[in-house]
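Keep in mind the model is a prediction, meaning the values are calculated, not measured. Protein chains get the first letters and strands the later ones, always in sequence-line order, with residue 1 at the start of each.
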Number of protein chains: 2
Amino acid sequence: MKNQLPTIKEIAKQLNISVSTVSRALHDHKSIGLRTKTRVQELARQLQYEPNQTAIFFQQGKTFTIGVILPELSEAFFSAAISGIEDAAHKGNYTVLLGQSHDSVDKEKQLIETMKKHRVDGLLISISKNTNDYSHFEALRRYNIPIVFFDRIPKIPNIHYVACNMVNGTVQAINFLFTKGHRIIGMINGPEKLPATKERLDGYIQAMTKSRLKYDPALVLNCDLTTESVCAATEKLLTGKRRPTAIVTFNDYVALDAVQQARKMKLKINKDICFVSYANLPLTNYTAFPPMASVEQFPYQQGQKATETLIELLQQKSNGDADNSNATYYKIILESQLVLHDGK
Amino acid sequence: MKNQLPTIKEIAKQLNISVSTVSRALHDHKSIGLRTKTRVQELARQLQYEPNQTAIFFQQGKTFTIGVILPELSEAFFSAAISGIEDAAHKGNYTVLLGQSHDSVDKEKQLIETMKKHRVDGLLISISKNTNDYSHFEALRRYNIPIVFFDRIPKIPNIHYVACNMVNGTVQAINFLFTKGHRIIGMINGPEKLPATKERLDGYIQAMTKSRLKYDPALVLNCDLTTESVCAATEKLLTGKRRPTAIVTFNDYVALDAVQQARKMKLKINKDICFVSYANLPLTNYTAFPPMASVEQFPYQQGQKATETLIELLQQKSNGDADNSNATYYKIILESQLVLHDGK
DNA sequence: TATAGACGTGCAAACGCTTGCGGAAGAACT
DNA sequence: AGTTCTTCCGCAAGCGTTTGCACGTCTATA
């Protein structure tokens with residue numbers, strides 16, 4: 001009772017023709033007579049024949065699969081990103097092989113091995129927080145598996161990536177606050193070494209300088225994103241010599257913690273003190289005191305764009321533009337954008 | 001400049017032995033002499049040989065891949081679930097092929113086709129909201145691809161599934177409110193046809209009856225989950241004849257909307273009116289007036305458990321317990337559980 | 001010394017499909 | 001009638017691996 005699935009061979013036997021004819025008939029190859037073509041297609045339908053993709057993958061050395069490695073699937077940012085990735089992949093007739101690194105370098109390496117074994121055609125990676133050693137990415141070059149990094153980009157030359165520029169969004173945020181009349185603007189930034197932190201700071205300095213408010217380092221504090229450190233930073237800012245009337249926070253979660261702290265200090269939100277943050281998570285619609293605005297980073301779009309460029313790379317490759325010799329590297333920067341929340 | 005990856009054949013040639021010997025040597029087969037075994041392994045390392053999985057997949061008719069189809073990757077529940085799935089799969093040496101249906105039946109069908117083509121070993125599905133026709137699932141039986149459904153289960157017999165029982169959690173919620181002194185307890189439930197809605201209602205009735213509070217249908221309203229309908233329901237409940245002192249809401253989002261509405265009506269949250277909801281999303285930590293408690297549905301664990309049972313099924317299959325003849329169907333029910341939020 | 005076992009290795013088929021090439025048959029030309 | 005095209009189809013190789021089987025060559029046993 002094998003119940004084997006029908007193969008091309010089976011069809012050939014039943015019709016007393018050769019497998020090659022069947023194969024070509026199914027592909028609508030021009031050199032097959034109309035008569036046999038329809039006979040084959042008819043029987044294939046009857047038998048509910050479906051090509052064995054694993055055989056084809058093997059035979060063609062191509063899997064129409066793209067590997068995706070990201071730090072944490074359950075985080076809002078990445079789950080939006082994977083959604084964009086899946087949609088774009090599906091549109092391009094690719095499927096998605098998924099792995100999460102949990103921000104562990106080891107797991108990241110393992111996943112790359114797995115992906116390599118599965119012979120994915122290309123790779124989409126947002127690197128783990130703790131990755132400093134990039135050799136496992138470099139190692140992929142010899143396999144000719146293109147990688148497109150997104151959001152979290154390793155600091156190595158000659159790579160493709162898609163990212164979202166936080167500088168501009170930050171400038172927009174500061175300018176927005178400026179036009180609202182704020183002159184002393186604080187910032188609760190993220191962990192110091194993070195590139196994301198640096199970008200925000202750059203934007204901050206740039207905008208403050210342009211607005212002829214001088215940059216006061218005392219108004220910018222780092223935190224490690226824990227509630228405690230956020231509260232501490234908030235308190236320090238709000239009791240400092242120059243008390244800010246507005247604060248830009250590293251992300252929405254930080255904003256929410258900071259808001260709580262400010263309320264604890266009997267300050268009226270959006271009156272005594274305003275907040276602007278990054279991410280624009282859906283939850284900001286629901287909190288009693290959401291930040292006035294958020295810098296949107298478009299995770300869905302980032303994922304989508306990254307996937308599209310990867311697919312483009314794959315097509316170039318199969319078009320024989322082989323070997324990254326005349327290599328141009330995609331460096332795609334989406335612009336972040338300030339989104340105002342209805343003051344409602 | 002082919003830059004072909006090294007194959008088993010290449011090793012064989014360089015060592016002047018046959019491919020079968022190389023293959024066995026690499027697998028540590030006992031019938032290979034120690035001497036050649038080490039020679040082979042040594043050369044394999046030098047050449048950075050890696051087996052071509054696509055060839056193996058093809059040869060063995062097994063891909064060590066499980067397909068996952070769920071409605072919406074960016075929803076908190078499912079992103080937690082996929083996280084659990086990925087972790088469990090990785091632990092069992094499987095990889096995850098991902099697809100999202102966007103709650104469209106057509107896309108769901110397409111995805112199943114794709115998965116089938118990719119010859120996934122098994123399938124994990126949470127069905128789309130609008131799926132009424134289950135033929136595309138039935139069609140998979142003849143391919144002998146086991147499916148484990150989770151969370152959203154089709155109403156057909158003889159399937160494996162993992163789900164979370166909402167009845168118990170609801171009972172816990174009501175009991176909790178009862179011990180807190182509440183006697184008039186309302187419910188804002190979800191869309192009427194959803195099984196999830198029915199389960200909550202069942203739990204509600206069961207608990208109310210057990211507590212010797214009689215079941216008053218006027219205290220239970222349905223909504224379609226939009227903010228407007230939630231607000232309307234809330235208002236109706238709170239202005240009704242018997243005004244509840246506590247309300248159980250379909251999920252956290254509903255709770256947040258209801259809270260807003262209650263505040264608009266100048267009621268003091270947790271004093272005039274208490275809320276309990278389902279899901280226990282992280283955001284409840286951040287809102288100013290979170291529900292007092294949530295019924296946790298353990299999406300991560302559901303995903304994990306579903307994956308584990310699928311893997312078990314696959315192992316049974318390869319052990320020749322073939323053909324779902326002596327079929328026992330897994331029906332795994334996780335118990336939901338009430339989680340109290342610090343009144344902080 | 002013949003013989004059975006162990007040990008180590010190679011042959012070849014099989015998995016399902018694609019594709020370059022060659023060949024047979026007929027049609028259309030000179 | 002002979003030649004050249006078309007048109008249609010089959011042969012067979014090849015993709016990289018695994019694995020049942022047979023074939024040696026020793027060593028230990030009778």
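At a non-hydrogen distance threshold of 4.0 Å, A:Tyr49, A:Pro51 from residues 40-51 of chain A come into contact with DNA chain C.
Minimum atom distance to the side chain of B:Gln59 is reached by D:dT18, of the listed C:dG16, D:dT18, C:dC11. Nearest to the side chain of B:Lys9, among C:dG10, D:dT18, D:dC15, sits D:dC15. Here the nucleotide nearest the side chain of A:Ala55, chosen from D:dG10, C:dC17, D:dC9, is C:dC17. Taking only side-chain atoms of B:Ile8, from C-beta outward, the nucleotide of C:dG16, D:dT17, D:dG10 with the closest atom is D:dT17. Counting only heavy atoms from C-beta on, A:Ser31 has its side chain closest to D:dC8 among D:dC8, C:dT19, D:dT19. Set against C:dC17, D:dT19, D:dG16, the side chain of B:Arg24 has D:dT19 as its closest nucleotide.
Side chains of A:Gln100 and B:His90: a donor-acceptor N/O pair is absent below 3.5 angstrom, by distance only. Side-chain contact of A:Asp87 with A:Tyr300: a donor-acceptor pair under 3.5 Å is present, judged by distance alone. Side chain to side chain, B:His118 and A:Thr95 meet the donor-acceptor criterion of an N or O pair below 3.5 Å. For the 3.5 Å distance criterion, the side chains of A:Thr131 and A:Ser128 qualify, holding a donor opposite an acceptor.
Using a 4.5 Å cut-off on side-chain heavy atoms (C-beta onward), A:Phe137 and A:Ile112 make contact. Side-chain atoms of A:Leu97 and A:Val68, non-hydrogen and from C-beta on, never get closer than 4.5 Å to each other.
Listed pair B:Ser20 / C:dC11 fails the phosphate criterion, with no side-chain N or O lying under 4.0 Å from OP1 or OP2. Residue B:Ser23 places at least one side-chain N or O under 4.0 Å from the OP1 or OP2 atom of D:dT18.
The distance from atom CZ of B:Phe57 to atom P of C:dA14 is 24 Å, rounded to the nearest whole Å. Here the P atom of nucleotide C:dC17 and the CZ atom of A:Phe64 are 17 Å apart, to the nearest Å.
With salt bridges taken as basic N to acidic carboxylate O contacts below 4.0 Å, one links B:Arg141 and B:Glu138.
Counting any heavy atom pair closer than 4.0 Å across all strands shown, A:Thr54 reaches no nucleic acid atom. A:Thr7 comes within 4.0 angstrom of the backbone, heavy atoms only, and of no base.
Residue side chain A:Phe58 fails the stacking definition with respect to C:dC17, as its ring centre and the base's six-membered ring centre are not both under 5.5 angstrom apart and under 30 degrees in plane angle.
Note on ring orientation: taking the six-membered ring where Trp is involved, the planes of A:Tyr329 and A:His160 are tilted (angle from 30° to 60°).
The end-to-end axis angle of the helix from C:dT1-D:dA30 to C:dC29-D:dG2, rounded to 10 degrees and based on five pairs per end, is 60°.
Nearest-nucleotide positions on DNA chain C for B:Thr21 and B:Gln60 put B:Thr21 closer to the 5' end.
At most 12 non-hydrogen atoms from other residues, nucleotides or ligands lie less than 6.0 angstrom from NZ of A:Lys305.
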